[in-house]
Novice: 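The structure follows.
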Amino acid sequence: PPGIGAGDKEQKMKRVLLLTILMVVLLAATGCTGKATGGGWFLNDGGEKVTFGFNGQSTWDAANQNLLEAKGQFQIHDHGTGDKFHGDVDYAICLNAAPPSVPESFCYFTGTYVPQPKKNGPGGTFELTVVDKGIPGFSAEDNFKLVLSEGITYEGNLEGGNIKVH
């Protein structure tokens, strides 16, 4: 979002990487069934509204450390550019926090997406990471980050809405 310096973004990426490693270690040890839902809006780099909605869930076999099922979808609309995308989840991993030792919950999803309308291109693959700070209702600390294979990234702390890791 506007106003965040390169150093802040680098620190945030390091934090996400560390939490992802922690999540993989915990999953390998215990298995996980997770779900996340959310919707809301944040501002793009140009200060324009980006609205989104998503749901996703996963079921893992703890004994064999295999993903049994992943499903979900997302919609996003950049009101500044007019771009709209729809994606379907084919991989999901979630960590539901246990405060105070883990202060936030998050989910990581991958899958395929297409522009809306579909005539705007073939689409590609995506990575979606959502962070739930555990505050009921709206939280400006919740974060949404979507990376599309065509090189477009949407990321921001919420200005409205909610992300919930169940």
Side-chain angles (χ1 to χ4, degrees), residues 1-21 23 34-58 67 70-97 103-166:
I4 292 182
D8 294 335
K9 286 184 179 180
E10 183 177 311
Q11 287 299 322
K12 185 181 220 179
M13 290 303 296
K14 286 179 181 178
R15 180 177 54 107
V16 169
L17 176 62
L18 180 62
L19 288 172
T20 302
I21 291 168
M23 180 173 61
K35 176 180 178 181
T37 56
W41 66 279
F42 57 91
L43 299 176
N44 65 17
D45 288 337
E48 300 288 333
K49 186 182 265 191
V50 176
T51 54
F52 70 91
F54 76 92
N55 67 76
Q57 64 185 51
S58 63
L67 177 63
K71 60 184 177 181
Q73 59 186 329
F74 77 84
Q75 295 274 49
I76 192 163
H77 179 193
D78 184 331
H79 295 261
T81 65
D83 291 341
K84 297 179 184 180
F85 300 97
H86 171 86
D88 292 308
V89 171
D90 62 19
Y91 176 85
I93 185 168
C94 298
L95 176 62
N96 200 342
E104 59 194 27
S105 299
F106 64 99
C107 287
Y108 172 79
F109 306 104
T110 63
T112 57
Y113 74 91
V114 292
Q116 299 292 308
K118 292 179 184 178
K119 69 180 181 180
N120 288 346
T125 60
F126 73 87
E127 295 181 19
L128 172 60
T129 305
V130 295
V131 178
D132 175 6
K133 289 292 193 164
I135 299 167
F138 167 70
S139 168
E141 297 293 315
D142 288 354
N143 184 269
F144 179 94
K145 180 178 182 181
L146 175 66
V147 179
L148 304 176
S149 60
E150 66 185 66
I152 298 172
T153 298
Y154 294 100
E155 179 178 19
N157 286 355
L158 300 192
E159 298 283 336
N162 190 32
I163 292 173
K164 177 68 179 160
V165 177
H166 307 266

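Every heavy atom of this structure was used, including side-chain atoms; hydrogens, water molecules and symmetry mates were not. Since the model is a prediction, treat every value here as computed from it, not as a measurement.
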Novice: Please report the closest heavy-atom contact between Ala92 and Gln57, naming both atoms and the distance.
Specialist: CB-O, 3.8 Å

Novice: Within a strict 4.5 Å, meaning less than it, do heavy atoms of the Lys84 and Gln75 side chains meet?
Specialist: no

Novice: Do the non-hydrogen side-chain atoms of Val89 and Phe54 ever get within less than 4.5 Å of each other?
Specialist: no

Novice: Quick one: pull up OG in Ser58 and OH in Tyr91 and give me the separation to the nearest 0.5 Å.
Specialist: 8.0 Å

Novice: List the atom of Asn157, the atom of Ala140, and the distance in Å for their closest heavy-atom pair.
Specialist: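 Reported closest heavy-atom pair: CB-O, 3.1 Å.
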
Novice: Identify the heavy atoms of Pro115 and Asn120 that sit nearest to each other, and give their distance.
Specialist: CB-CB, 3.8 Å

Novice: First locate atom OG of Ser139, then atom NZ of Lys164, and finally report the distance between them rounded to the nearest 0.5 Å.
Specialist: 11.5 Å

Novice: Tell me, with the steps shown, if Phe126 and Phe74 meet ring pair (Phe, Tyr, Trp, His ring centres under 6.0 Å).
Specialist: CA-CA 10 Å; Phe126 73 87; Phe74 77 84; 4.8 Å; yes

Novice: Judged by atom type as modelled, is there a donor-acceptor pair below 3.5 Å linking the side chain of Asn55 to the main-chain atoms of Thr37?
Specialist: no

Novice: Which of parallel (below 30°), tilted (30 to 60°) and perpendicular (above 60°) describes Phe85 and Tyr113?
Specialist: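 Judged by the thresholds at 30° and 60°, the geometry between Phe85 and Tyr113 is perpendicular.
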
Novice: side-chain contact (heavy atoms from CB on, under 4.5 Å) with Trp41: which of Val50, Thr51, Leu158?
Specialist: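 Exactly one option meets the side-chain contact (heavy atoms from CB on, under 4.5 Å) with Trp41, and it is Thr51.
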
Novice: Considering all heavy atoms of both residues, which atom of Ser149 and which atom of Gly124 are nearest to each other, and what is their separation?
Specialist: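 That would be OG-CA, 3.5 Å.
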
Novice: If I take atom CG from residue Leu43 and atom CD from residue Glu155, how far apart are they, to the nearest 0.5 angstrom?
Specialist: 13.0 Å

Novice: To the closest 0.5 Å, what do you measure between CG (Asp45) and OG1 (Thr153)?
Specialist: 9.5 Å

Novice: Step through it carefully: locate the ring centre of Phe52, locate the ring centre of Tyr154, and say whether they are under 6.0 Å apart.
Specialist: no

Novice: From Asp78 CG over to Leu146 CG, what is the distance, rounded to the nearest 0.5 angstrom?
Specialist: 11.0 Å

Novice: Between Asp142 (side chain) and Ile163 (backbone), is there a donor-acceptor pair under 3.5 Å?
Specialist: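 Confirmed, Asp142 side chain pairs with Ile163 backbone.
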
Novice: Which value, rounded to the nearest 0.5 Å, describes the distance between Ile152 atom CD1 and Ile76 atom CD1?
Specialist: 10.0 Å

Novice: Go through the steps for Val130 and Phe109 under the test side chain to side chain contact (heavy atoms under 4.5 Å, CB included), then give the verdict.
Specialist: CA-CA 9 Å; Val130 295; Phe109 306 104; 4.1 Å; yes

